[in-house]
Amino acid sequence: MNAVSRNPLNGRFQSIDALRGVAALGVVFYHALWQNYGVIPYNFFRWPVQFLQFLSSFGYIGVFLFFVISGFCIHLQWARSQAKQQPHEVQFGSFWRRRLRRLYPPYLIAFSLFMVMAALTTGLPVTRAFSYDVVMHLLMLHNLDPHTVYSINGVFWTLAVEEQLYLAYFLLLFLRKRWGWGPTLLICAAVRVGWFGFSHLIWVKFQVGVPVPEAAASHWFTWALGALAVEAAFGLVKLPNWCRNLGLGVAAIVVASATSLILPSTQKDTVPHTVAWMLLHPVWGLGFFIVVNWFVQVEQGWRQSLQLTLANARNFDFASLGRRLVTGAAIVGVFSYSLYLTHELVIMQSWWFITRRLPPVLNTLLIVVPATVIFAWVFYRFCERPYIRKNRMNAKDVLPAKPAEEQADETPITFSPLPAMADEA
C-alpha cells in the first residue's frame with residue numbers, strides 16, 4: 001500500500017473528519033431517541049419508528065470509533081514526521097501542555113454549564129459526596145469510581161478515558177519502538193484482561209467495585225489500533241489486505257453488535273459469557289480500524305471526484321450524493337468535540353422547546369437533534385475554537401519555523417465544502 005502518495009504529507013485527512021462526524025451523530029441519535037424508546041405510534045408509522053429506534057440503540061458504539069480515531073490523531077504528528085524522514089521525540093511536557101490548552105478549557109466550560117443548569121432546575125446538594133464527585137470530574141478521574149462514572153453528565157466518562165490514554169501514549173511509543181506492533185498489540189490486549197482480573201480480585205477481597213468497561217485499560221487495544229492505522233496511512237508499516245476490507249470491517253461491527261444483544265440473556269459467570277464479553281469491545285475496535293483504513297485509502301479518489309461534482313452541480317447522481325454526505329459529515333466532524341460535550345445538556349433541556357403537536361420521535365428528529373448540532377456549533381465557535389488558535393500560536397512559539405508550503409495547511413477553520421481544521425482530536 002503506497003499510502004504516502006495517496007495522502008500528501010502536509011495535507012488533511014477529511015475521511016477522519018467525516019468518520020468523527022458520523023461517530024458524534026451516532027451518539028447524539030442514541031441519547032436523543034433513547035428518551036422516547038418504546039414510545040411507538042399505533043398507525044402505519046409504527047414499523048418505521050420501531051426500526052429507527054432499533055438502529056439508534058446501537059449509536060453508542062460510535063464511542064469505539066472515537067477511540068480508534070483518537071489513537072490515529074494523537075499519533076499523527078509522530079507518523080508524519082517519520083514519513084518526512086524528520087523524526088523527532090515527543091516531549092512529555094510540551095505534549096501535555098498542548099493537550100490541556102486544547103481540550104480542558106472547553107470541557108471546563110461545558111462542565112460549568114451543567115452545574116449552572118442543575119442549580120437552576122434541581123438544585124445542587126452541597127455534601128461531601130457531591131464535592132468528591134466534582135473534584136473527580138475536574139481531575140478527569142471520575143471513570144474510576146462507580147459512584148461518579150455516570151454522574152453529572154453520563155458521557156463525560158469517555159473524555160476521562162481519553163486523557164488517561166494520552167498518558168499511556170508514551171508507554172505505547174516505547175513498546176512500539178522496542179518490540180514493534182505485534183507484541184505491542186498483544187500487550188495492550190493483555191492489559192484489558194489484566195484489568196478485568198484486577199477488578200474481580202478487588203471485589204472479592206474488599207467488596208469494592210472498580211469499573212471495567214469505563215476504564216482506559218479496557219480500551220487501550222482499540223486506541224492502539226488507531227495509532228497503527230495512521231502509520232499504515234503514511235506507509236510506515238504495511239498491513240495485510242484484510243485490514244482494508246470494508247466488508248470484513250462491517251461484518252465485525254455487525255457480529256459485535258449482535259453479540260451485545262444476545263449477551264444479557266446468557267448466563268453470567270460462565271466461560272462463554274466471560275469470553276464473549278472480553279472480546280466484544282476489541283471486535284468493535286477491530287471493525288472500525290478496518291473501516292478507518294478503507295476510508296483513508298480511498299480518500300484521494302472521492303475527494304477529487306467531489307471537487308469535480310461541486311464545480312459542476314448539474315452532474316448529480318447517487319455517487320455525488322454520497323460524496324456530499326461525506327462532506328457534510330466532515331463539517332460536523334470539525335466541531336464533533338463540542339457536539340459531544342454539549343449534546344446531553346441540550347437533550348436534557350429539550351422540554352423547553354419541543355412542541356406537543358408532533359409525535360415524540362418527530363420532535364427528536366426535527367427539533368431536538370438539529371438543536372444539539374446548532375448549539376454545538378455555537379459552543380465551538382466561542383468556547384472551543386479560540387483555544388485551538390491559542391494552541392497553534394503557542395506551538396509556533398516553541399517550534400522552528402515551517403516552510404511556506406507547510407504553513408499553508410494550517411489555515412483557520414472555515415465551513416467550506418472542504419473544511420480545514422487541526423489534525424489532532
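The basis for the numbers below is simple: all heavy atoms, side chains too, and nothing from hydrogens, waters or symmetry mates. From a predicted model like this one, the values you see are computed outputs, not experimental measurements.
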Note to self: Tell me the closest heavy-atom pair linking Glu344 and Val155, and the distance in Å.
What the structure shows: OE1-CG1, 4.5 Å

Notebook entry, point to check: Will you find, in the side chains of Trp223 and Ser70, an N or O donor that is under 3.5 Å from an N or O acceptor?
Noted result: yes

Next item on the list: Starting from the C-alpha separation in whole Å, work towards a yes-or-no answer on side-chain contact (heavy atoms from CB on, under 4.5 Å) for Gln164 and Asn143.
Entry: CA-CA 10 Å; Gln164 292 154 25; Asn143 64 313; 2.8 Å; yes

Next item on the list: Could I get the full list of side chain to side chain contact (heavy atoms under 4.5 Å, CB included) partners for Ile202, not counting sequence neighbours?
Entry: Phe198, Phe206, Val208, Val210

Note to self: With heavy-atom distances below 4.5 Å as the criterion, would you say the side chains of Leu103 and Tyr166 are in contact?
What the structure shows: yes

Notebook entry, point to check: Minimum heavy-atom separation for Ala227 to Leu172, with atom names?
Noted result: CB-CD2, 4.1 Å

Check: Is there side-chain contact between Phe72 and Phe289, with at least one heavy-atom pair below 4.5 Å?
Finding: no

Next item on the list: Decide yes or no on side-chain contact (heavy atoms from CB on, under 4.5 Å) for Met140 and Val161, but give the supporting numbers first.
Entry: CA-CA 8 Å; Met140 287 194 169; Val161 170; over 6 Å; no

Notebook entry, point to check: How about Phe234 and Phe13: are their ring centroids closer than 6.0 Å?
Noted result: yes

Check: Tell me the side chain to side chain donor-acceptor pair (under 3.5 Å) pairs involving residues 200-220, sequence neighbours left out?
Finding: Tyr150-Glu214

Note to self: How close do Ala79 and Val230 get, counting heavy atoms only, and between which atoms?
What the structure shows: CB-CG1, 4.0 Å

Check: To the nearest 0.5 Å, how far apart are CZ in Phe29 and CG in Leu365?
Finding: 6.0 Å

Notebook entry, point to check: Considering all heavy atoms of both residues, which atom of Ala24 and which atom of Ser336 are nearest to each other, and what is their separation?
Noted result: CB-CB, 3.9 Å

Checklist line | Counterpart residues, side chain to side chain contact (heavy atoms under 4.5 Å, CB included), relative to Phe92 (two or more places apart) | finding: Trp96, Leu167, Phe170

Checklist line | Close side-chain approach of Tyr340 and Thr158, heavy atoms under 4.5 Å | finding: yes

Margin query: A side-chain contact here means heavy atoms from C-beta on lying under 4.5 Å apart; do Ser338 and Phe375 qualify?
Written below: no

Item checked: Residues forming a side chain to side chain contact (heavy atoms under 4.5 Å, CB included) with Ala217, sequence neighbours excluded -> Val191, Trp195

Check: Does Asn153 have any side chain to side chain donor-acceptor pair (under 3.5 Å) partners at least two apart in sequence or in another chain, and if so, which?
Finding: none

Next item on the list: Determine whether Ser260 and Leu280 make a side-chain contact, defined as any pair of heavy atoms from C-beta on separated by less than 4.5 Å.
Entry: yes

Note to self: I need the Leu173 CG to Ile74 CD1 distance, nearest 0.5 Å.
What the structure shows: 11.0 Å

Next item on the list: Give every residue pair that meets the salt bridge (charged side-chain N to carboxylate O under 4.0 Å, His left out) criterion with at least one member in residues 168-185, sequence neighbours excluded.
Entry: Glu89-Lys177, Arg176-Glu231

Checklist line | Minimum-distance pair of heavy atoms, taken over all atoms of Thr259 and Ala276 | finding: CG2-CB, 4.3 Å

Next item on the list: Give a yes or no answer on whether the side chain of His343 reaches the backbone of His31 with a donor-acceptor pair at less than 3.5 Å.
Entry: no

Checklist line | By side chain to side chain donor-acceptor pair (under 3.5 Å) - contacts of Thr266 (at least two apart) | finding: none

Notebook entry, point to check: Under the salt bridge (Lys or Arg N to Asp or Glu O under 4.0 Å) criterion, do Glu163 and Arg99 qualify, and how do the steps go?
Noted result: CA-CA 9 Å; Glu163 294 297 322; Arg99 292 292 85 209; over 6 Å; no

Check: Sequence neighbours excluded, which residues qualify as side chain to side chain donor-acceptor pair (under 3.5 Å) partners of Thr148?
Finding: none

Note to self: Contact between Ile152 and Asp133 at the side-chain level, heavy atoms closer than 4.5 Å - yes or no?
What the structure shows: yes

Item checked: Flag side-chain contact, heavy atom, 4.5 Å: Ser15 against Val326 -> no

Under 3.5 Å, side-chain donor or acceptor atoms of residues 124-132 against the rest of the protein: list the pairs with distances, not counting sequence neighbours.
residue : atom : partner : partner atom : Å
Thr127  : OG1  : Phe130  : N            : 3.1
Ser131  : OG   : Thr127  : O            : 3.0
Tyr132  : OH   : Asp145  : OD2          : 2.7

Notebook entry, point to check: Are Leu65 and Val292 close enough that some pair of their side-chain heavy atoms sits under 4.5 Å apart?
Noted result: yes

Notebook entry, point to check: Which distance, rounded to the nearest 0.5 Å, do you find between the OG of Ser257 and the CD1 of Ile61?
Noted result: 4.0 Å

Next item on the list: Tell me, yes or no, whether the heavy-atom count around Phe379 atom CZ, taken from other residues, nucleotides or ligands under 6.0 Å, exceeds 12.
Entry: yes

Note to self: Tell me if the centroids of the rings in Phe288 and Phe67 come within less than 6.0 Å of each other.
What the structure shows: no

Checklist line | Pi-cation contact, Phe221 with Arg192 (under 6.0 Å, within 45°) | finding: no

Checklist line | Stepwise side-chain contact (heavy atoms from CB on, under 4.5 Å) check, Thr372 with Ser350 | finding: CA-CA 9 Å; Thr372 63; Ser350 61; over 6 Å; no

Note to self: I want to know whether Tyr380 and Tyr337 have ring centres closer than 6.0 Å.
What the structure shows: no

Item checked: Distance-only side-chain donor-acceptor flag, Ser81 / Gln86, under 3.5 Å -> no

Notebook entry, point to check: What do the steps show when you test Trp351 against Val368 for side-chain contact (heavy atoms from CB on, under 4.5 Å), and what is the final call?
Noted result: CA-CA 9 Å; Trp351 58 272; Val368 177; over 6 Å; no

Checklist line | Non-hydrogen atoms of Gly285 and Val68 that approach each other most closely | finding: O-CG2, 3.8 Å

Note to self: Suppose we screen for side chain to side chain contact (heavy atoms under 4.5 Å, CB included). Which residues come up paired with Pro240, at least two apart in sequence or across chains?
What the structure shows: Trp242, Cys243

Item checked: Test side chain to side chain donor-acceptor pair (under 3.5 Å) applied to Trp157 - qualifying residues, sequence neighbours left out -> none

Next item on the list: Report the relative orientation of the aromatic rings in Trp179 and Phe174; use parallel for angles under 30°, tilted for 30 to 60°, perpendicular for over 60°.
Entry: perpendicular

Next item on the list: State whether the side chain of Tyr107 and the backbone N or O of Phe156 hold a donor-acceptor pair below 3.5 Å, judged by distance alone.
Entry: no

Check: Under the side chain to side chain donor-acceptor pair (under 3.5 Å) rule, what pairs show up with a residue in residues 268-282, not counting sequence neighbours?
Finding: none

